Amino acid sequence: MFSKKVISLFVFRSIVLLVLLGIVCLVMVDHFNLILIKAASPFIPVGSTLRTFGTYIEISSTRSGATSPLYLDSLTLYSGTILMITVVLSAVGLRLRERLVSLGILTSLGLVIQLVGIVLLSEGIEAASDMGNPGFSGSRPFNVFSVGWSLVPAIITAVWCYLFWRRNKSATNPLN
């Protein structure tokens with residue numbers, strides 16, 4: 001197991017990095033939103049539009065009879081990626097190369113999750129505005145989005161932590 005010193009160092013690094021990354025995200029949120037909107041635009045349904053309003057992304061339908069737009073808080077949107085980055089950067093005993101590779105992989109996965117989430121929400125809004133669409137439950141994309149936003153980054157980070165812990169354990173105990 002890890003010593004109290006290693007755990008304390010990890011917790012201290014995590015708190016400091018979480019605050020710093022949150023500040024950076026708050027300052028750069030407009031740029032991140034524009035990049036995410038440009039990346040998601042080819043995949044959203046034809047009748048949907050994406051726009052940015054400060055820290056929010058507006059997802060709306062242009063169809064007649066459409067529901068009111070959905071405003072997605074970008075800080076909530078990026079929270080999973082921020083937490084994944086924080087865990088990688090806070091890890092104690094990780095070599096620079098391993099840290100950079102892990103950071104690249106987890107950041108890329110976080111961005112893919114965000115892209116898929118935006119597309120799912122756009123499809124959900126389109127489905128809600130198109131009541132004649134049989135076989136598509138309007139609440140399904142919203143439920144998938146909610147569960148995915150809560151669980152997917154946590155599961156990815158937990159798998160990464162397990163692999164990191166297992167590597168450290170096997171390096172300190174050659175019998176495992």
Side-chain angles (χ1 to χ4, degrees), residues 14 17-18 20-90 99-164:
S14 295
L17 285 168
L18 193 58
L20 291 176
L21 288 172
I23 291 169
V24 168
C25 183
L26 189 58
V27 170
M28 301 292 294
V29 74
D30 290 333
H31 301 294
F32 294 150
N33 286 347
L34 290 173
I35 291 169
L36 184 60
I37 287 171
K38 283 183 182 181
S41 292
F43 304 107
I44 64 168
V46 175
S48 293
T49 59
L50 299 175
R51 293 188 301 182
T52 181
F53 291 107
T55 62
Y56 290 92
I57 295 176
E58 178 193 67
I59 305 171
S60 59
S61 177
T62 57
R63 292 183 181 205
S64 61
T67 60
S68 61
L70 175 72
Y71 292 93
L72 180 64
D73 184 16
S74 300
L75 301 177
T76 303
L77 185 69
Y78 301 125
S79 63
T81 304
I82 289 173
L83 288 174
M84 289 191 295
I85 292 170
T86 299
V87 169
V88 171
L89 292 177
S90 301
R99 191 177 309 270
L100 291 175
V101 168
S102 296
L103 193 61
I105 290 171
L106 291 180
T107 303
S108 298
L109 284 173
L111 295 174
V112 168
I113 292 167
Q114 293 166 8
L115 185 66
V116 168
I118 292 290
V119 171
L120 271 176
L121 284 174
S122 298
E123 288 178 359
I125 289 186
E126 275 301 304
S129 67
D130 184 18
M131 296 302 180
N133 188 355
F136 190 85
S137 169
S139 65
R140 187 182 72 187
F142 300 113
N143 293 337
V144 170
F145 178 79
S146 299
V147 171
W149 228 260
S150 302
L151 294 178
V152 172
I155 291 169
I156 291 170
T157 306
V159 168
W160 181 86
C161 288
Y162 174 75
L163 295 173
F164 171 67

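Position 1 is the first residue of the sequence, and the numbers go up from there. Model, not experiment: these values are computed from the prediction.
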All heavy atoms of Val88 vs all of Arg99, minimum pair found to be O-NH1, 2.9 Å
For Thr55 and Asp73 the tightest heavy-atom approach is O-OD1, 3.4 Å
Got a sec: does the OH of Tyr56 have more than 12 other heavy atoms crowding it under 6.0 Å?
no
All heavy atoms of Ser48 vs all of Ile44, minimum pair found to be O-CD1, 3.5 Å
Interatomic distance, CD1@Ile57 vs CG@Leu77, rounded to 0.5 Å, equals 5.5 Å
CG (Leu20) and CD1 (Ile82) are apart, to the nearest 0.5 Å, by 11.5 Å
Cut-off 3.5 Å, side chains only: do Thr86 and Ser14 have a donor facing an acceptor? no
So CG of Leu111 and CD1 of Ile35: to nearest 0.5 Å the spacing works out to 9.0 Å
Closest non-hydrogen contact found for Met84 with Thr157 is CG-OG1, 2.9 Å
| task | Answer yes or no: is there a donor N or O on one side and an acceptor on the other, between the side chain of Tyr71 and the main chain of Phe53, under 3.5 Å? | result | no
Heavy atoms of Gly104 and Ser108 approach each other most closely as O-OG, 2.8 Å
dist Leu72:CG -> Ile118:CD1 (nearest 0.5 Å) comes out at 5.0 Å
Partner of Leu18 under side-chain contact (heavy atoms from CB on, under 4.5 Å), picked from Leu83, Ile23, Val87, is Leu83
- Query: After noting the C-alpha distance and the side-chain angles of Ile85 and Leu106, does the key distance pass the side chain to side chain contact (heavy atoms under 4.5 Å, CB included) rule?
  - Reply: CA-CA 7 Å; Ile85 292 170; Leu106 291 180; over 6 Å; no
Checklist line | Residue pair Thr81 / Pro153, side-chain heavy-atom distance below 4.5 Å | finding: no
* Check for a donor-acceptor pair, side chain of Tyr78 on one end and backbone N or O of Asn33 on the other, with a separation under 3.5 Å. => yes
dist Leu121:CG -> Ile59:CD1 (nearest 0.5 Å) comes out at 4.5 Å
Residues Leu50 and Ala40: closest non-hydrogen pair is CD1-CB, 4.0 Å
For this session: Go through the steps to decide whether Ser74 and Phe32 satisfy the test side chain to side chain contact (heavy atoms under 4.5 Å, CB included), and finish with yes or no.
Result: CA-CA 9 Å; Ser74 300; Phe32 294 150; over 6 Å; no
